[in-house]
2 protein chains.
Amino acid sequence: MTDFNEYFKSAFTVDNVIFGFDEGDLKVLLMKRGEEPYKDKFALPGYFVNPNEDLDAAAKRVLEQLTGLRNVFLEQVKTFGTVDRHPAGRVITIAYFSLIKISHFTLQPASIAESVQWRSISEVRGLSFDHDEILSACFDRLKWLVRTRPVGFELLPRKFTLTELQHLYEAILETKLDKRNFRKKILSMDLLIDLDETQEGVAHRPARLYQFDRNKYEQFLSEGFSFELKENKKKNKKGKEESVA
Amino acid sequence: MTDFNEYFKSAFTVDNVIFGFDEGDLKVLLMKRGEEPYKDKFALPGYFVNPNEDLDAAAKRVLEQLTGLRNVFLEQVKTFGTVDRHPAGRVITIAYFSLIKISHFTLQPASIAESVQWRSISEVRGLSFDHDEILSACFDRLKWLVRTRPVGFELLPRKFTLTELQHLYEAILETKLDKRNFRKKILSMDLLIDLDETQEGVAHRPARLYQFDRNKYEQFLSEGFSFELKENKKKNKKGKEESVA
DNA sequence: AGGAATAGTGTAAAATATACACTAGGCTCC
DNA sequence: GGAGCCTAGTGTATATTTTACACTATTCCT
């Protein structure tokens with residue numbers, strides 16, 4: 001008979017790739033670890049899953065401890081379990097990613113971390129454990145998701161302009177989009193509420209403000225609808241447009 | 001200081017949804033469990049991950065023990081970790097799915113199972129643990145994948161007819177496809193080798209045989225190409241077509 | 001009033017997706 | 001060996017979607 005006890009000596013953690021969008025740039029929340037291993041190094045926010053805690057609950061807990069936010073977009077992505085990925089023993093980690101409105105809160109250093117900070121996704125490298133790999137898997141997932149479901153709005157303030165929305169998509173998809181086609185497509189989906197307000201305090205023509213229509217979206221979902229977005233086919237030569245017709 | 005030992009009392013398993021295609025029907029490989037819990041009940045093939053074994057390796061091992069097959073399509077899907085999903089303690093499971101050519105082998109009952117058998121996906125219900133849920137997550141993934149990457153071929157014999165391929169897609173997507181449009185689309189992808197052979201031993205006009213061109217596919221991949229398939233938009237009223245022009 | 005800066009807008013051409021029915025070819029059985 | 005059975009195989013016109021592309025409008029600032 002097999003000795004099952006040998007199997008019950010592992011642990012698992014959740015790691016959370018928290019995306020935010022600010023100043024036209026896609027950012028990730030990192031924490032400086034307060035504990036060994038990798039003390040004082042940067043890592044994705046994460047911690048052990050408690051013995052009587054569901055995985056999703058653990059991911060939520062980590063997120064809340066760090067940001068104070070509840071009810072944000074959070075989804076499981078992939079599990080990483082290489083034998084020697086953790087120095088303390090066999091520890092596999094379930095990676096989650098979440099999307100938050102960066103402007104909605106100020107960071108609160110939690111017990112699990114010495115400090116937390118936002119970093120541009122393009123600059124992040126050299127994280128602890130296998131977190132570089134985890135980040136990249138989550139980023140790929142975000143890229144896919146953003147074309148498939150209107151989750152972009154989770155990253156923007158409640159009121160936003162179409163240009164902001166476009167910049168968000170461009171940051172995530174790492175491509176340039178055509179302004180006219182983008183607006184046409186987005187508006188044709190009929191998921192935005194035109195607030196009949198405009199930006200204030202900008203030194204140029206102020207843009208209209210929109211809001212995501214969550215109700216209509218849920219209605220569409222229940223009717224079986226699919227959201228899709230494609231990038232330009234021609235490699236984008238940014239800036240240039242037609243030369244006088 | 002936290003007592004980390006408390007965390008190292010968990011185990012994890014891999015569970016594998018093994019898809020096959022036979023007689024126009026999408027099938028799943030199930031095993032009758034030889035051990036408690038759920039002894040003599042049906043479950044997805046799976047087992048504990050050994051302490052010094054990577055997750056992917058464990059999934060491969062389970063698959064090979066059961067089918068004798070190596071080098072088949074195998075991909076991680078999702079991790080299930082509800083606190084009380086396993087009676088023996090805290091056991092989370094990493095779900096994988098694989099695609100195999102059902103005709104390529106005969107089943108070999110392994111030590112981990114009393115018996116194994118193929119079941120039509122539409123008939124499977126009431127599996128052990130949370131395996132119904134796992135199966136459904138993997139089926140959803142397959143549906144998505146089949147529209148995104150040409151993985152259908154993994155489920156067919158090396159030589160197949162276009163009608164067989166169409167039936168496979170119909171079984172997976174649970175929809176009817178238009179014969180002419182399907183053929184046009186598939187052939188236009190230029191991923192099939194026309195073998196210049198025909199079926200034998202059929203009581204009607206024999207169909208041409210094709211083979212998947214893996215080399216060309218890999219070439220396309222490296223050039224950044226995307227495979228896509230869509231179902232009919234009009235709900236399919238099967239059988240009916242134009243009334244004499 | 002002029003300049004700077006971004007918002008906002010339309011159309012024609014190309015590519016893709018869709019709907020749809022009959023002919024072709026091999027087999028079988030009288 | 002012809003009739004009938006069965007599935008293979010094929011083309012076109014229309015609708016929809018995607019793409020490329022440049023200038024005018026509005027506000028602020030000086």
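This is a predicted model, so every value here is computed, not measured. Chain A is the first sequence line, chain B the second, and so forth, proteins listed ahead of strands; every chain is numbered from 1.
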> Rounded to whole angstrom units, what separation is found between the CZ atom of B:F182 and the C1' atom of C:dA17?
Replying inline: 15 Å

Polar atoms only, N or O, under 3.5 Å: list the protein pairs with nucleotides 23-27 of chain C and their distances.
unit_1	atom_1	unit_2	atom_2	d
C:dA24	N3	B:R205	NH1	2.8
C:dG25	O4'	B:R205	NE	3.4
C:dG25	N2	B:R205	N	3.0

> In whole angstrom, what separates B:K185's NZ from C:dA19's P?
Replying inline: 14 Å

> Nearest-Å distance, CZ (B:R180) to P (D:dT10)?
Replying inline: 12 Å

> In a check of side chain to side chain contact (heavy atoms under 4.5 Å, CB included) between B:L168 and each of B:V146, B:L155, B:T163, which one passes?
Replying inline: B:L155

>> In this structure, how many angstroms lie between the C1' atom of D:dT18 and the CZ atom of A:R183, rounded?
In response: 18 Å

>> At less than 3.5 Å, do the side-chain atoms of B:K184 and the base atoms of C:dT18 form a donor-acceptor pair?
In response: yes

>> What is the separation between atom CD on B:Q166 and atom P on D:dA8, rounded to the nearest whole Å?
In response: 9 Å

> Do A:K216 and A:F220 meet the cation-pi criteria used here (NZ or CZ under 6.0 Å from the six-membered ring centre, within 45° of the axis)?
Replying inline: no

> Applying the side chain to side chain contact (heavy atoms under 4.5 Å, CB included) test to B:P45, which of B:L63, B:L66, B:V17 qualifies?
Replying inline: B:L66

> Under the 6.0 Å and 45° cation-pi test, does A:R119 pair with A:F42?
Replying inline: yes

>> Mind checking if B:T161 touches a base, just sugar-phosphate, or nothing, with heavy atoms under 4.0 Å?
In response: nothing

>> Applying side-chain hydrogen bond (donor to acceptor under 3.5 Å, both in side chains) as the test, list every pair that has at least one member in residues 18-28 of chain B; sequence neighbours left out.
In response: B:D25-B:S120

> Salt bridge or not for B:E164 and B:K159, using N-O below 4.0 Å?
Replying inline: no

> Taking atom P of D:dT18 as reference, at what distance in whole Å does atom CZ of A:R147 sit?
Replying inline: 12 Å

> Rounding to a whole Å, what distance do you find between A:R208:CZ and C:dG8:P?
Replying inline: 7 Å

>> Between P on D:dA8 and NE2 on B:H167, what's the gap in Å once rounded to a whole number?
In response: 7 Å

